[in-house]
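These numbers were taken from a predicted model, which means no experiment stands behind them.
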Amino acid sequence: MTHEHRHGHHGDRSSDGDRSNNGRTQGSWIGASVGRREDPRLLSGRGCFTDDLEVPGTLHAQFVRATVAHATVTSLDLSAVRQVPGVVAAFDAEDLALADITARLGRPLTEFVPTGMPVLARERVRYAGEPLAVVVARDPYAAEDGVEAAKVTYETRPPVVSEEAALAPGAPLVHDEASANTLLDVSMFATEGIDDVFDEAPCVVRVETRTGRQNALPLETRGVLAGWDDREDQLLMRTSTQVPHQVRTTAARCLGLDERAVRVVVPDMGGGFGLKCVVGREEIAVGAAALRLDRPVKWIEDRKDALTASFLAREQHYDVRAAFDGDGRILGLDAGIVCDMGAYSCYPFTAGIEPLMASAEMPGVYKVPAYRVRARAVTTNKAPTAPYRGVSRPQYVMVMERIFERAARELGLGATEIRRRNLITRFPYTGVNNVTYDPGSYLESLNLCESALTEEGWYAAKEKAAAEGRHIGIGYSCFSERTGYGSGAFAQRKMEVVPGFDISEVRMDTSGALVVTTGTMSHGQSHETTMAQIAADELGLDIAQVRIHQGDTDRITYGWGTFASRSIAIGGSAVRLAAGKLGEKLKTIAASVLEVPAEELELGEGLVTHPAGGGSVAYQEIADIAYLRSHLLPKGAEPGLTATATFDVTGDGTFSNATHGAVVELHEGTGQVEILRYVCVEDCGVAINPKVVEGQTRGGIAQGIAGALFEQVTYDEQGAPSAVSFMEYKVPTAMEIPEVSIHHLETPCAFTETGAKGVGEGGTIGAPAAVINAVNDGLLHTGVELNDTPITPETVADALAATVPDAASAPAPAAARRAPRTAESPEHMEPTS
């Protein structure tokens, strides 16, 4: 991997590479590529994950799951289960009598229909893999045997296994209360006069895309170990989750316990990617079983269940028209969005998360003057969906980038030139979607990405390949990543549960070392390193003196966990504010010792110093006074050295941005898409640790490529999952993922305490569009255009075999000038020919 760091035009802090960890002063840690503090433990096998935990008397759970996609359960007989050797108990919904998990939006029923998700299905199942009963045994093998002994009889109902089937007139209903199988139907941003814009525009293009259903696929599947703690008089749940406090709240409500009677602790975590930022039914059921048996109970999800019955993502359909003037400037955007959300709303985000995200942010980095969108979430007899890295942005960015590619062909413009004419360049910018974008480097990132590919000779290589009968294509994607969503942004979606703020407590002990709590939850993002850098930077400490605590609901006041690239932007800002408050306490006590004004003192290298020659006091000496000799504290100062701060992003949050460029070669016969080169120019504001940023970016790009070319969850006509192992669910290996050249731009954020923006999802957002544009560039001579993902070798081979003579010189067919679809139109989006 190569990388380059360039300064932003709105102020900058840059990395100075692998600087020594020692001897730093205040302000010298942010921007340093220090090694990950987590690595020695994790890489030497000393990590502790949920499945590593074992306590005396632990029992093991597995779930009886529905074998059909849609049915009434006429009988569930667990009597034979209880006779299986090693089985201790088996519980169904009636046995446990748990409250449903119900996610809600504060919208009228005409816009959103809430649907309760039972912890264990009762008289009806709505997808193959839905849990019906929990079997508890002395070991996991006996639990599996018990599952096999369960007898379930069904009265099958017609399954609904696609968006088209769900919206067809007279379709069977997944939920009786959700007419037309629609959980959300919202029309937004209907600019006055938009129909006239399309009627009068010199150029109107239409693109329809569909994206395949995916699995987030963390290395560590879901799991929980739950048991009653007599000493603390509470249920202790140790679980692999991104949102420990939300699990605590939901578990307490479902189980009928006071919230203080539930403690959630998260061990080391092997990935989440959004899959674990919602509350799972299995976590609650295992907690209930542990209470009933008064024994600790563990459940570890196997890979088959993870592939077929866990939360899924991504299955979306876009039908978008765009109007352009003769110079290639966009005049209007008219979009229809349908997201297949599966059988239930996820908690707490609801089934509205993907369509609402897409409709609110689709204009992205472009100056769109007129906009209309209708967004729907449909329910089908498939496993429910949850947020997955990017949350609709890989999809709407892909359709927007396809729109600009097609318009460029219609108007005879270059692919990058049409983007330059439409990118936002003046900030702050308030878009037609009522979102205000903070300063970014949209144009600069595009220019740098294009120049990198040009200077490396890829345009010349493409021409040479064409002369040799080979097919090389170059594709770009320009996008922003909205990060650090504050409570205001989530409130705009009218969520009943409104995430946003974060809380941090900073405590210094008598040795001068620091303990920092954060409400975020690392599942691989290096929080133990980056959060320590922020605190050490503020207080002038070595990061070896800083310990980060996260993922324990009894030790952390409250937190919303980690998702939507919020951890550094919001959690890191809370850490810095808390550290700053503690720094003021240190100065107050030192001022008393040195007999100088506190405002004249500085922090650094573990000392409070008076730069004008008034001496210095070590943090350890100050801590000694604060704890062990409190009679020496100045008047009004309280014993101890602790500080707490909260942070919430104001307004619409902040936006990272990037441009991705991909070079691919399409191989005749096999249809293989080989990625020859991948360039990413990213701007996430101040990079706390550039190496961590690069790791996040590279991993995200790998997942984006996976969605573009490989991964798809499939079902047969009866709703049975047909991708039940890695033989069917195609996951790319290191052989398919290219080396990535990463260039850094830096536009510090004015809305966060560190100047940082989020970076966790950007790689995944940009990759599908860059890859699909490169593939279509390689197919330009064929007259065939591919707009759906994943792009398979079969579709590429067929396209290459269908070459149309002189197609390369012919313009793309003009989009039909049919009457625009109105935002109120109830009909299903029409397929394009």
Side-chain angles (χ1 to χ4, degrees), residues 161-164 207-217 307-308 312-318 340 382 388 390 394-395 397-399 401-402 405 470-475 477 660 662-676 678 701-717 720-738 764 766-804 807 831-833:
V161 295
S162 69
E163 163 216 330
E164 293 82 1
V207 170
E208 187 172 13
T209 68
R210 285 179 170 84
T211 58
R213 199 173 192 84
Q214 283 185 261
N215 192 302
L217 218 65
L307 284 168
T308 60
L312 304 174
R314 295 285 202 244
E315 192 169 0
Q316 301 184 11
H317 175 198
Y318 291 75
D340 183 340
K382 292 182 280 194
Y388 172 36
Q395 289 70 48
V397 166
M398 189 176 84
V399 73
E401 296 300 285
R402 294 301 304 135
E405 292 283 323
R470 294 161 50 223
H471 316 287
I472 286 181
I474 300 174
S477 67
H660 289 199
V663 182
V664 305
E665 181 168 2
L666 312 179
H667 295 275
E668 289 190 24
T670 65
Q672 178 188 1
V673 178
E674 180 183 1
I675 302 177
L676 304 176
Y678 203 102
I701 288 170
Q703 286 183 303
I705 290 171
L709 299 177
F710 298 97
E711 296 182 11
Q712 185 172 19
V713 177
T714 53
Y715 296 82
D716 67 17
E717 293 181 355
S722 50
V724 299
S725 74
F726 290 138
M727 294 294 290
E728 301 87 14
Y729 189 79
K730 306 296 185 184
V731 181
T733 70
M735 294 295 294
E736 288 79 38
I737 303 300
T764 313
V771 171
I772 198 171
N773 282 337
V775 169
N776 279 296
D777 188 48
L779 292 174
L780 196 60
H781 65 289
T782 69
V784 176
E785 186 174 290
L786 303 178
N787 289 316
D788 297 344
T789 57
I791 298 170
T792 65
E794 291 82 3
T795 57
V796 173
D798 289 346
L800 290 173
T803 301
V804 178
T832 49
S833 58

Would you please test L676 and V664 for side chain to side chain contact (heavy atoms under 4.5 Å, CB included) and show each step?
CA-CA 5 Å; L676 304 176; V664 305; over 6 Å; no

I'd like to know whether I791 forms a side chain to side chain contact (heavy atoms under 4.5 Å, CB included) with V796, so could you lay out the CA-CA distance, the side-chain angles of the two residues, the decisive distance to 0.1 Å, and finally the verdict.
CA-CA 7 Å; I791 298 170; V796 173; 3.5 Å; yes

Would R210 and E315 satisfy salt bridge (Lys or Arg N to Asp or Glu O under 4.0 Å), going step by step from the backbone distance to the final call?
CA-CA 7 Å; R210 285 179 170 84; E315 192 169 0; over 6 Å; no

Given the rule in the side chain to side chain contact (heavy atoms under 4.5 Å, CB included) test, do L786 and V784 qualify, once you have shown the distances and angles that lead to the verdict?
CA-CA 7 Å; L786 303 178; V784 176; 4.2 Å; yes

Using the rule given for side chain to side chain contact (heavy atoms under 4.5 Å, CB included), can you reason through T795 versus D798, listing the C-alpha separation, both sets of side-chain angles and the distance that settles it, and then say yes or no?
CA-CA 5 Å; T795 57; D798 289 346; 5.8 Å; no

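Qualifying side-chain contact (heavy atoms from CB on, under 4.5 Å) partners for A770, counting only residues two or more places apart in sequence or in other chains: S477, H660, A662, Y678. Remark: N787 pairs with R402, E785 by the side chain to side chain donor-acceptor pair (under 3.5 Å) rule, at least two apart or across chains. Contacts of E717 classified as side chain to side chain donor-acceptor pair (under 3.5 Å), with partners at least two apart in sequence or in another chain: none. With sequence neighbours left out, Y388 forms a ring-ring contact (aromatic ring centres under 6.0 Å, His included) with no residue at all. Applying the side chain to side chain donor-acceptor pair (under 3.5 Å) test to T209 and every residue at least two apart in sequence or in another chain returns nothing. Residues satisfying the salt bridge (Lys or Arg N to Asp or Glu O under 4.0 Å) test with E405, not counting sequence neighbours, are R419. Remark: V724 pairs with T308, P721, E728 by the side-chain contact (heavy atoms from CB on, under 4.5 Å) rule, at least two apart or across chains. Legend: residues meeting side-chain contact (heavy atoms from CB on, under 4.5 Å) with I737, ordered by chain and number and at least two apart, are A702, I705, P732.
Residues H317 and E164 bring no donor and acceptor atom of their side chains to less than 3.5 Å of each other.
For the pair S725 and L307, the tightest heavy-atom approach, listed with the atom from each and the gap, is CA-CD1, 3.5 Å. The shortest heavy-atom contact between A799 and L779 is CB-CD2, 3.7 Å.
Taking the side chain as every heavy atom from C-beta outward, I675 and V663 never approach each other to under 4.5 Å.
Looking at N776, its side chain does come within 3.5 Å of a backbone N or O of I772 through a donor-acceptor pair. A donor-acceptor pair is defined here as one N or O able to donate and one able to accept, closer than 3.5 Å; no such pair exists between the side chain of E401 and the backbone of M398.
Note: T211 OG1 to R314 CZ = 8.0 Å, rounded to the nearest 0.5 Å.
The six-membered or imidazole ring of H781 lies near that of H471, with a centre-to-centre distance under 6.0 Å.
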Donor-acceptor contacts, no H, no angles, side chain residues 707-714, under 3.5 Å, sequence neighbours left out:
unit_1 : atom_1 : unit_2 : atom_2 : d
E711   : OE1    : Q214   : NE2    : 3.3
E711   : OE1    : Y729   : OH     : 2.7
T714   : OG1    : S722   : OG     : 2.7

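Under the salt bridge (Lys or Arg N to Asp or Glu O under 4.0 Å) criterion, the residue pairs touching residues 664-674 are R470-E665, with sequence neighbours excluded.
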